[in-house]
Amino acid sequence: MGHTMALLVLIFIFLLQSEAGISEKYFYNRPGDDVILPCDSVSSSDTCSSVYWLFNRQQSHSILEVERGNVVMNSAQAARVRLDSNCSLLISNITAVDAGWYTCRQGKTSHVESSVFLNILTISPSPPDADQQRDDDVTLRCSLLKYRNLSLCEKNRIRWVDETEAELPGIQNDSVHHTVCVSVLKVKRHSGDNKKYTCQFVDERNSVMIQTDFTPLIKEPNSGCSPLSFIMLSLRFTGLFLIAVFLLHRDRANLASLAENNVNKEGGKVKYENVEAVAATSQQH
């Protein structure tokens, strides 16, 4: 009985969407990508002057991104958003905050609209500077950011593999009705062992929709120093060099002064001898 009711509800929703002329598309991207979200509700003969784009992170709050074909300048995304000739929404250098539900309408109250769900996959280490460490345990967090009411967090939808495509035992948060799906992988790294860890989001048929990689940067033993150590060492050498230059300059100045004093003394002695000679000559006369 329960399965029958669920099937009837899905059929009812589908009929409502078909009657209202609603189309849906799903995009999967990574931070930094440029995306083009199509507006299927506008025919080729229409212009973009009547197009509205709305953005929702949560069901209760809509943000107007485009109004009558013009980008809304007080929108947080305004600097990275524009329309193309097909009224598609172009977003450059996407970030985690761009994930959500985008709706394109021809006219503000039109029942003909197209929906695009933008999902963003990220991967990050914990602690954030873990790639600067050596011989440590690292927790990798893979997150699929999505529209709040989009149920994509079913079990085994996020998986981990290594560089040999061997699956790794990640722990997934199976919670739904949230804005993020999360899977965590704990790894033990060793010096000189630069492995690649890949987080994949798969569909119901286990096909990869999107994936992102993480390769720790491991410092080899005795192979160098950290950037801070290098800077401190450079400052020490610079200080020693300046001291050496100062001492050399001071010694040269002292030698020059001493030579000048000797010349003055020698000159005074010659002058004194000349005076004595003149005096002796005067006495003889």
Side-chain angles (χ1 to χ4, degrees), residues 13 17 20-42 48 51-67 69-106 108 110 112-124 141-154 157-159 172-173 175-183 198-205 207-214:
I13 293 174
Q17 289 182 345
I22 298 175
S23 65
E24 293 183 355
K25 290 187 177 180
Y26 300 85
F27 281 61
Y28 298 89
N29 291 87
R30 290 173 290 267
D33 290 348
D34 297 336
V35 297
I36 302 176
L37 308 183
C39 182
D40 295 336
S41 62
V42 178
C48 299
V51 167
Y52 288 75
W53 272 99
L54 295 91
F55 171 54
N56 293 69
R57 290 193 188 95
Q58 302 179 10
Q59 189 175 18
S60 59
H61 183 58
S62 296
I63 300 173
L64 188 61
E65 298 291 346
V66 173
E67 182 178 16
N70 297 313
V71 176
V72 178
M73 299 312 297
N74 61 358
S75 166
Q77 296 171 302
R80 298 183 291 110
V81 166
R82 64 184 180 89
L83 288 186
D84 68 4
S85 58
N86 296 321
C87 308
S88 298
L89 189 69
L90 283 67
I91 310 176
S92 61
N93 191 24
I94 62 172
T95 65
V97 298
D98 296 321
W101 175 23
Y102 292 81
T103 306
C104 178
R105 295 175 182 170
Q106 186 181 6
K108 191 172 184 180
S110 173
V112 179
E113 64 182 36
S114 59
S115 295
V116 182
F117 294 93
L118 178 58
N119 307 285
I120 301 177
L121 189 69
T122 68
I123 185 172
S124 59
R141 176 186 173 96
C142 182
S143 304
L144 182 75
L145 300 127
K146 63 183 184 67
Y147 175 60
R148 180 176 180 84
N149 286 2
L150 195 62
S151 299
L152 295 176
C153 299
E154 293 87 353
R157 295 292 297 273
I158 298 180
R159 69 184 183 189
Q172 182 177 336
N173 177 6
S175 175
V176 295
H177 304 301
H178 291 83
T179 58
V180 62
C181 307
V182 177
S183 182
T198 301
C199 175
Q200 300 176 335
F201 180 76
V202 299
D203 61 12
E204 295 84 352
R205 299 179 181 180
S207 299
V208 176
M209 305 297 294
I210 189 171
Q211 66 180 33
T212 185
D213 302 325
F214 179 82

Worksheet entry | Chi angles and distances behind the side chain to side chain contact (heavy atoms under 4.5 Å, CB included) call for Phe55, Leu89 | CA-CA 11 Å; Phe55 171 54; Leu89 189 69; over 6 Å; no
Practice prompt. Go through Tyr28 and Leu121 one step at a time and tell me if the side chain to side chain contact (heavy atoms under 4.5 Å, CB included) criterion holds.
Written response: CA-CA 7 Å; Tyr28 298 89; Leu121 189 69; over 6 Å; no
Discussion item. Pair Ser92, Asp34 - check side-chain hydrogen bond (donor to acceptor under 3.5 Å, both in side chains), show working.
Written reply: CA-CA 4 Å; Ser92 61; Asp34 297 336; 4.8 Å; no
Item to complete: Look at atom CZ of Arg80 and say whether more than 12 heavy atoms of other residues, nucleotides or ligands are closer to it than 6.0 Å.
Response: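 Check passes, neighbour count above 12.
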Worksheet item: Should the heavy atoms of other residues, nucleotides or ligands under 6.0 Å from CG of Leu64 be counted, would the total exceed 12?
Response: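 Check passes, neighbour count above 12.
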Least distance between heavy atoms, [X] atom then [Y] atom:
X	Y	result
Ala99	Lys146	CB-N, 4.0 Å
Leu90	Leu83	CD1-C, 4.4 Å
Asn93	Asp98	O-OD2, 4.5 Å
Val71	Val81	CG2-O, 3.7 Å
Pro31	Ile120	CD-CG2, 3.7 Å
Val51	Cys104	CG1-SG, 3.8 Å

Under a 3.5 Å distance rule, please check whether [X] uses its side chain to pair with a backbone N or O of [Y] as donor and acceptor.
X	Y	answer
Arg141	Val182	no
Asp203	Arg205	yes
Ser75	Gln77	yes
Asp33	Val35	no

Flag the pair [X] / [Y] as yes when at least one side-chain heavy-atom distance between them is below 4.5 Å, and no otherwise.
X	Y	answer
Arg30	Ile210	yes
Phe117	Lys25	no
Arg157	Cys181	no
Phe201	Leu152	yes
Ser115	Thr103	yes
Trp101	Leu150	no

Fill in: From Ser183 atom OG to Gln200 atom CD, the distance as rounded to the nearest 0.5 Å
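Between Ser183 OG and Gln200 CD, I get 11.5 Å after rounding to 0.5 Å.
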Worksheet, complete the sentence: So CZ of Arg82 and CG of Asn70: to nearest 0.5 Å the spacing works out to 14.5 Å
Worksheet item: Cys39 and Cys87: sulfurs closer than 2.5 Å?
Response: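 Answer is no: Cys87 does not pair with Cys39 in a disulfide.
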Worksheet item: Stepwise, does the side chain to side chain contact (heavy atoms under 4.5 Å, CB included) test hold for Ile63 with Arg57?
Response: CA-CA 9 Å; Ile63 300 173; Arg57 290 193 188 95; 4.0 Å; yes
Worksheet item: Which word best sums up how the rings of Tyr102 and Trp53 line up, parallel for under 30°, tilted for 30 to 60°, or perpendicular for over 60°?
Response: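 Perpendicular.
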